[in-house]
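Because the structure is predicted, anything quoted here is derived from the model rather than measured. Here, residue 1 is the first one in the sequence, and each next residue gets the next number. In listed order, ligands and their atoms are each counted from 1. Worth knowing before you read on, the calculation uses all heavy atoms, side chains too, and leaves out hydrogens, waters and symmetry mates.
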Amino acid sequence: MKDAISIERVNKLHPKLRAECLALLDKAEALLPANITIRVVQGLRTIEEQDALYAQGRTAPGKIVTKAKGGKSYHNYGLAIDFCLLVDGKVSWVVDANWLKVVKVFKEAGWTWGGDFKSIKDKPHFEKSFGWEVADLLKLYKPGQYVPL
Ligand SMILES: [Zn+2]
């Protein structure tokens with residue numbers, strides 16, 4: 001993992017996921033051409049941040065970007081990441097063969113890819129739930145703490 005910003009974001013994920021996520025990013029990056037790196041654009045998103053995002057396109061300006069209210073996303077528990085590719089240092093959201101190499105690495109490790117979601121496809125998104133439903137995670141949630149898994 002070459003990107004310092006991404007490493008910082010991974011280090012705020014749920015402690016149970018950090019090492020695995022970094023190892024998978026390393027593994028995926030090794031499969032990519034030398035001019036392409038992975039950028040983690042988001043990891044942990046607090047419930048307050050999620051509520052603000054949910055308001056976007058509904059009660060606040062902008063377009064709708066999520067169907068999950070605060071507490072309803074694995075991001076809220078540090079159990080999800082969104083990524084893009086940096087091609088020659090420039091952000092790319094093109095879902096090409098390189099993108100799918102990253103997808104394959106994470107799926108093989110048991111992560112769920114947002115591109116496989118039944119309703120709104122979310123191709124930058126991976127999550128690992130350890131079998132937990134978000135409703136149950138919300139019951140365990142205490143602000144400023146990671147849920148005990
Ligand atoms: Zn996401």
Side-chain angles (χ1 to χ4, degrees), residues 1-29 31-32 36-87 90-96 98-141 143-147 149:
M1 184 89 253
K2 297 165 193 162
D3 182 50
I5 291 172
S6 297
I7 292 170
E8 200 176 301
R9 288 173 180 157
V10 170
N11 282 331
K12 288 180 184 157
L13 291 178
H14 194 285
K16 202 173 170 180
L17 265 192
R18 285 175 202 167
E20 179 184 340
C21 187
L22 277 179
L24 293 174
L25 290 165
D26 276 339
K27 189 177 173 185
E29 222 163 52
L31 303 173
L32 301 176
I36 301 181
T37 57
I38 302 166
R39 162 69 51 87
V40 175
V41 293
Q42 187 137 60
L44 176 68
R45 186 193 295 144
T46 66
I47 287 184
E48 293 72 24
E49 287 166 342
Q50 184 76 34
D51 280 331
L53 206 62
Y54 183 81
Q56 196 179 312
R58 294 184 175 90
T59 56
K63 63 172 190 158
I64 289 179
V65 289
T66 183
K67 63 185 179 79
K69 288 185 184 178
K72 298 288 173 65
S73 164
Y74 286 105
H75 283 288
N76 303 147
Y77 309 99
L79 296 175
I81 62 165
D82 300 324
F83 81 102
C84 69
L85 297 178
L86 296 178
V87 181
K90 285 188 191 152
V91 168
S92 171
W93 298 97
V94 180
V95 181
D96 59 4
N98 288 316
W99 190 284
L100 295 176
K101 282 178 193 170
V102 181
V103 169
K104 189 163 184 274
V105 165
F106 276 80
K107 283 177 73 169
E108 280 175 357
W111 292 55
T112 300
W113 179 42
D116 291 330
F117 286 169
K118 297 270 188 302
S119 53
I120 303 171
K121 308 281 183 220
D122 189 359
K123 291 179 180 180
H125 178 98
F126 294 117
E127 62 192 37
K128 188 155 186 175
S129 68
F130 299 99
W132 288 85
E133 299 291 337
V134 278
D136 295 319
L137 292 170
L138 185 55
K139 287 176 200 156
L140 296 173
Y141 179 80
Q145 293 179 29
Y146 294 101
V147 290
L149 298 181

query = What N/O/S atom of His125 is the closest to the Zn ion (ligand 1)?
reply = ND1
key: side-chain contact (heavy atoms from CB on, under 4.5 Å) partner of Leu32, chosen from Val87, Thr37, Ile38   = Ile38
ask   = What N/O/S atom of His75 is the closest to the Zn ion (ligand 1)?
value = NE2
task = May I ask you to decide if Leu13's main-chain N or O and Arg18's side chain share a donor-acceptor pair within less than 3.5 Å?
result = yes
remark   = Answer key: the N, O or S atom of Asp82 nearest to the Zn ion (ligand 1) is OD1
message = Looking at Lys90 and Leu86, would you say the former's side chain and the latter's main chain have a donor-acceptor pair under 3.5 Å?
response = no
is_close_aromatic(Trp132, Tyr74), centroid dist under 6.0 Å = no
